[in-house]
Undergrad: 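Quick one: this structure, given as structure tokens, is what I'll be asking you about.
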2 protein chains.
Amino acid sequence: MVDLVPVEEVRAAARRLEGVAVRTPLLPVPAFRPVNLLVKPESLQPTGAFKLRGAYNAIAALGERARATGVVTHSSGNHGFAVAYAAAMLGVRAAIVVPENAPEVKIAAIERAGAELVRVEPTMDARLEGANRIEQARGYVQVPPFEDPLVIAGQGTIGLEIAEDLAAIGTEPAAVLVPISGGGLISGIAVAVKAACPGTRVIGVEPELAADARESLRSGARVRWPASDAARTRADALRVEQVGELTFAHIRELVSDIVTVTEDEITGAIGRLARDARLVAEPGGAVAVAAGLNRTDDELKIRKDGPAPLVAIVSGGNIDPSLLAFALSYNR
Amino acid sequence: MVDLVPVEEVRAAARRLEGVAVRTPLLPVPAFRPVNLLVKPESLQPTGAFKLRGAYNAIAALGERARATGVVTHSSGNHGFAVAYAAAMLGVRAAIVVPENAPEVKIAAIERAGAELVRVEPTMDARLEGANRIEQARGYVQVPPFEDPLVIAGQGTIGLEIAEDLAAIGTEPAAVLVPISGGGLISGIAVAVKAACPGTRVIGVEPELAADARESLRSGARVRWPASDAARTRADALRVEQVGELTFAHIRELVSDIVTVTEDEITGAIGRLARDARLVAEPGGAVAVAAGLNRTDDELKIRKDGPAPLVAIVSGGNIDPSLLAFALSYNR
């Protein structure tokens with residue numbers, strides 16, 4: 001039995017993140033009507049993705065000796081940049097292990113932040129091994145992308161903000177739609193949202209082509225999808241092959257359901273976010289909006305045009321410009 | 001002698017706008033370094049531009065009888081949509097006079113909000129005449145795009161938020177860069193910012209091809225540029241031929257300087273905002289960022305890489321998708 005992250009840890013993370021993470025607004029999008037969908041644009045964090053919250057919280061909570069040595073992580077890009085950026089803010093050395101097929105735009109940002117880059121094969125095993133090697137050789141502390149209570153607590157601050165902002169206007173979300181990769185984002189958000197609004201459905205969203213978490217939830221045990229399968233989706237941030245043990249415990253306990261979206265629906269959502277909400281989203285960042293726009297009331301088990309809003313997390317915006325240009329003219 | 005809008009009116013507007021206008025965050029953009037520039041993305045308002053603040057404040061302050069009749073305005077698009085949207089929120093009928101060369105994306109949004117559209121020639125005279133005709137024939141109350149104390153006070157709430165957010169982290173802006181068209185936005189922001197931070201430079205920004213406000217400030221009297229000249233810039237939101245009498249009084253009293261940007265610099269700023277800040281900006285919305293990136297310390301009379309940040313208003317994001325796609329690959 002694994003202990004879930006307590007909501008008090010999420011509140012402690014919120015205090016550490018004051019003045020560091022952008023307090024992103026909840027955006028109504030009139031052009032999405034009749035779907036009553038509010039967008040939480042984590043793409044507006046300085047690193048372009050929510051990952052800054054968890055990474056900063058984990059590094060800020062380290063002891064003096066660990067901070068004097070350094071931190072290391074493996075990441076498909078956004079978490080790597082977040083660790084590099086947070087470490088630089090806190091004056092800590094950082095080494096980032098990245099899969100060699102990560103988008104250039106993400107790798108360039110990590111280098112600009114001043115971190116050391118270590119490229120490996122694009123499998124979970126190669127990434128883990130790379131990070132372990134640096135930990136053992138140099139004593140660097142690992143900041144895992146999702147399987148860590150402090151990282152989960154940091155991502156959970158998004159859920160606190162959603163509940164606070166909606167309480168201020170006297171309502172609660174019918175559902176919160178959250179992209180799933182390793183499961184850290186949805187675990188933290190579920191802890192915070194369920195504590196404040198027990199009746200809200202927390203729903204995970206995956207690409208149909210990388211739906212290991214959905215299969216895991218349905219079967220009751222963690223399933224691993226081969227890297228070659230997970231790599232088929234253009235949502236590069238969601239190519240993790242398997243959720244973590246700790247995150248799966250949160251998902252089983254707190255997540256109502258996991259739905260999937262097609263590659264077409266992802267591209268369409270990127271276009272609609274740019275045209276209708278003036279937001280640049282990456283493919284993995286757009287899956288929750290894709291689900292909000294395309295899954296039916298029956299599939300989500302809520303009324304999409306009801307008085308209680310759906311909230312969709314736009315988790316990141318680091319997209320190759322040519323793909324964004326393509327999506328702009330994509331009308332689905 | 002014209003009375004300036006008192007900061008108390010801006011505070012009253014902030015109370016009316018609670019829960020209506022999005023409280024937009026101040027966004028750091030690491031990729032803009034060494035320029036220490038924070039972006040205020042008014043493109044994230046539900047209507048895609050700051051104009052909602054002034055329009056809603058003006059309509060919400062109307063008496064019962066005026067609200068029972070209706071409101072009318074003339075606008076190059078963003079103000080028209082804002083009046084249509086605010087009127088619908090408040091249950092008031094609205095007629096919108098638009099220049100026939102306004103972008104289709106803006107006209108479609110006005111129609112979706114349920115307002116009546118009246119198309120006229122793209123000159124200030126034709127627009128004023130169209131609005132006057134509806135006022136006289138039906139008794140609708142005019143909500144002017146800029147030359148009105150309540151509209152100016154509404155836009156000024158942006159300045160209150162900037163001063164508050166920076167005070168919370170113990171600093172003040174070195175300068176606030178603000179797009180100028182009719183002058184309502186910069187007038188309101190200057191009232192609020194100068195009240196809180198008297199040492200901050202409030203700097204207007206215009207396209208070189210529509211620089212009537214700059215010429216007016218330099219010469220000490222309001223200058224009118226021919227519509228055919230002002231129409232040359234792709235910043236359609238900034239094609240107003242002359243600032244107002246009331247807004248010019250604010251500019252002369254409170255604005256430190258007005259600088260200009262080229263069409264190339266505007267397109268470049270749209271591309272950089274999308275790639276580096278994950279924001280979709282329209283041409284008129286991007287001019288302040290263009291100035292922050294391209295004008296020198298000498299031209300702005302501040303240190304762009306100093307500890308006190310520059311703040312640039314991204315005033316709107318309603319851009320034709322094909323222009324955004326072009327700007328994405330534009331590297332200047």
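Reminder, nothing fancy here: chain letters follow the sequence lines and each chain counts from 1.
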Undergrad: Under 4.5 Å, counting heavy-atom pairs only, tell me which of A:Val39, A:Asp276, A:Leu27 racks up the most with chain B.
TA: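 Ranked by heavy-atom pairs under 4.5 Å with chain B, first place is A:Leu27.
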Undergrad: What part of A:Tyr85 gets closer than 4.5 Å to chain B, counting heavy atoms only: side chain, backbone, both or neither?
TA: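 Side chain only.
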Undergrad: What are the residues of residues 41-53 of chain A, in order of number, with any heavy atom under 4.5 angstrom from a heavy atom of chain B?
TA: A:Ser43, A:Leu44, A:Gln45, A:Pro46, A:Thr47, A:Gly48
Undergrad: Please determine, among A:Ala327, A:Gly19, A:Ala109, A:Pro30, the option with the most heavy-atom pairs under 4.5 Å with chain B.
TA: A:Pro30
Undergrad: Checking A:Thr73 now: which residues fulfil side-chain hydrogen bond (donor to acceptor under 3.5 Å, both in side chains) with it, not counting sequence neighbours?
TA: A:His79
Undergrad: Between B:Asp320, B:Leu273, B:Leu279, B:Ile169, which has the largest tally of heavy atom pairs under 4.5 Å with chain A?
TA: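 Among the listed options, the one with the most contacts to chain A is B:Leu279.
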Undergrad: Checking B:Arg112 against chain A: side chain, backbone, both or neither under 4.5 Å from a heavy atom?
TA: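 Interface part for B:Arg112: side chain.
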Undergrad: Which bit of A:Val22 is near chain B, if near means a heavy-atom gap under 4.5 Å: side chain, backbone, both or neither?
TA: side chain
Undergrad: Let's go through B:Ser75 and B:Val83 carefully: what are the C-alpha distance in whole Å and the side-chain angles of both, what is the deciding distance for side-chain contact (heavy atoms from CB on, under 4.5 Å) to 0.1 Å, and is it a yes or a no?
TA: CA-CA 9 Å; B:Ser75 163; B:Val83 169; over 6 Å; no
Undergrad: Kindly give the heavy-atom pair with the smallest separation between A:Tyr330 and A:Arg275, and that separation in Å.
TA: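 That would be O-NH1, 3.6 Å.
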Undergrad: Indicate yes or no: does B:Arg23 engage B:Asp165 in a salt bridge with an N to O separation below 4.0 Å.
TA: yes
Undergrad: Which answer fits A:Ala274, side chain, backbone, both or neither, if we ask what part of it has an atom under 4.5 Å from a heavy atom of chain B?
TA: both
Undergrad: Counting only N and O atoms by type, is there a donor-acceptor contact under 3.5 Å from the side chain of A:Lys304 to the main-chain atoms of A:Pro34?
TA: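 Answer holds: no.
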